[in-house]
Amino acid sequence: MPTSTPPAPAPAHGTTVDLVVAGSGTGMAAALAAREMGLDVLIVEKTDYVGGSTALSGGAFWIPASSLLAAEGAVDSPERAELYLRSVVHGTSPDQRWENFLRHGDETVRMLQRTTPMRFMWSKGYSDYHPELPGGTAAGRSCECKPFDLSVLGAERARLRPTGLKSPVPMPITGFDYKWMNLMTRVPGRAVPRVVQRVSQGIGGKLLGREYAAGGQALAAGLYAGVLRAGIPVWTRTSVQRLTTDGDRVTGVVLEQDGREVTVRARRGVVLAAGGFDHNIALRHEFQSEALEPGWSLGNEGNTGDAIRIGQEVGADLDLMDQAWWFPAVAPLPGAAPLVLLAERSLPGSLIVDRHGRRFVNEATDYMSFGQRILERERAGDAVGSMWMVFDQRYRNSYVYAAGLFPRMALPDSWYAAGIAHRADDPADLARRTGLPVEGLVASLRRFNELAAAGVDDDFGRGASAYDRYYGDPTVAPNPNLRPLQGQLYAVRIVLGDLGTCGGLRADGHGRVLRSDRSPIDGLYAIGNTAANAFGATYPGAGATIGQGLVYGNVVARHAAGRKAPAAGATSSPS
């Protein structure tokens, strides 16, 4: 929750600019690139806060073959990155989408280094999600912002979207730190110095009047600092109601702020960067699954599909609406947010079962593939149904769970009271408590323990990929992802959460929104989760969602800067 109330929004008013950007997540990259090229830019944000889902995320960005990676010692090349993306996308997105992403990746990183106060680092060792495919790398291509001082935002600090993650003491935890902190009881020599470093930085910063943050908070704050420094206006609590057009050309937007409508003319175009339809349950049931429930998505609450609807009203086509950045999570308590399960699924001494009490997936696989497997089962007529993560006491004593439960901490009483957690002394009793078939769960645990003892998952290949092993326990051999369960057992109910949807307006390699006949709508662009995923039905590596948002922000700004502006006095009408 926010620590203070955001300032009142700047009053919206009728005006003319070169470019209107709707959305203040990676849309800020579009604004920064456009401003650097001399364009007059306006950002409008539907909610009270700046940062979008970017501010709620882990903050990594996946941009291959960049000068940043080279400077950090990574060995990568455009040719290897192209080979990898061609392999992983596998025709689920037009080639021009991911090819233009690659072409403009390094250019985007350099632009952000020039236009913001952020400094970046390589998350060395954070494997691509499919490193075994041609061009993949176990060393990884993900980068993130170094801990960033939020106090540079001054009075605008209160307008930055707050994170849902809280730490007992001030400590900016990067994604790289998280890997080792999660293993603090197993490899204290690697973890403890990182904890001490971050606690010292957090507390020491406070004493100096600084507020260090990492992850999505750092990235969103860094982008916003660049926006403020460039003098780009941001109107919060301001939503796009509809587009204005002149014939087939988009000429501006009609905005609403506090019940009052104003029209803003856009000489070079409108960029829809307002997220997906994460919290529009009707659309999610229509295009994805009727098993999804409100409150399971971790995307920004303002992501209700408005920008997608607005694009459709002027003839835009849709693509990949069945896709999302799926993320398994602990079933939420009433009124609470789900708690994501990242490293937890990879660590030894645990497994996940379906409504039959049977394993159905490599638990350590990337989270998008995990979700896709669930939906494949549903569409095949054998729904996974109620899912449970089962682990033993040794697991509970060894690892952080659901980002906030440290080793040896008891599971919350509220979980037991709500029926999302159970414990038992043997598999049969655990099955009865969870409502799972006794025979199914007992057989699954017996089979899993046999495989884990051998160190090879013959059923689902857990631990075979470098990505699986990244979040494994290096002290467990021969497979850092597998260990037999023994003693007291626990079961926690999990659901199919997500980081946001990634289907939306069909766009081309310039980020232009397309009609069903594949012709571009002049003056209309879509980026981030408002646009259909540039990587099709896949997630190439950690930060691919933010990476493509940043890069396509730069791409659309460059294209808009090269457009011929309409003659002065041209008329337009609401669509």
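- Shown here for Met387 and Ile374, the closest heavy-atom pair between the two residues is SD-CD1, 3.4 Å.
- Using modelled atom types, one finds no donor on one side chain facing an acceptor on the other under 3.5 Å when comparing Thr304 with Asn280.
- Asn300 contributes no side-chain N or O that, together with a main-chain N or O of Asn303, makes up a donor-acceptor pair within less than 3.5 Å.
- For Thr238 (side chain) and Glu45 (main-chain N/O), no donor-acceptor pair under 3.5 Å exists by modelled atom type.
- Defined by atom type and a distance below 3.5 Å, a donor-acceptor pair is present between the side-chain atoms of Arg198 and Gln201.
- With no hydrogens or angles considered, no side-chain donor-acceptor pair links Ser346 and Asn481 at under 3.5 Å.
- Outside the 6.0 Å centre-distance limit, the rings of Phe391 and Tyr399 are not counted as a close aromatic pair.
- No donor-acceptor pair closer than 3.5 Å links the side chain of Glu144 to the backbone N or O of Gly216.
- Evaluation of the side-chain contact (heavy atoms from CB on, under 4.5 Å) rule for Ser465 yields Pro131, Glu132, Tyr467, Asp468 as partners, not counting sequence neighbours.
- In summary, the side chains of Ser398 and Asp473 do not present any donor paired with an acceptor at a separation below 3.5 Å, with no hydrogens or angles considered.
- Around the CG atom of Asp258, the shell of radius 6.0 Å holds more than 12 heavy atoms that belong to other residues, nucleotides or ligands.
- Arg359 places no side-chain N or O within donor-acceptor distance of the main-chain N or O of Ser444, the cut-off being under 3.5 Å.
- Using modelled atom types, one finds no donor on one side chain facing an acceptor on the other under 3.5 Å when comparing Arg373 with Thr365.
- For the ring pair (Phe, Tyr, Trp, His ring centres under 6.0 Å) with Tyr367, the lone residue among Tyr539, Trp326, Trp325 that qualifies is Tyr539.
- For an aromatic pair to be called close, the ring centres must be under 6.0 Å apart, and Phe176 with Tyr126 fails this.
- Of the N and O atoms on the side chains of Tyr471 and Glu344, not one donor lies less than 3.5 Å from an acceptor on the other residue.
- With hydrogens and angles ignored, the 3.5 Å screen pairs a side-chain donor or acceptor of Gln257 with a backbone N or O of Ala10.
- Between Leu405 and Trp415, some side-chain heavy-atom pair lies under the 4.5 Å cut-off.
- No donor-acceptor pair under 3.5 Å is formed between the side chain of Asp382 and the backbone N or O of Arg377.
- Distance alone, capped at 3.5 Å, places no donor-acceptor pair between the Arg462 side chain and the Glu363 backbone.
- A donor-acceptor pair is defined here as one N or O able to donate and one able to accept, closer than 3.5 Å; no such pair exists between the side chain of Thr54 and the backbone of Ala220.
- Panel note: side chain Asp498, backbone Phe327; no donor-acceptor pair is recorded below 3.5 Å.
- Here the side chain of Arg493 pairs no donor or acceptor atom with the backbone of Gly419 at under 3.5 angstrom.
- Taking Arg433 as the reference, Asp429 meet the salt bridge (Lys or Arg N to Asp or Glu O under 4.0 Å) condition, with sequence neighbours excluded.
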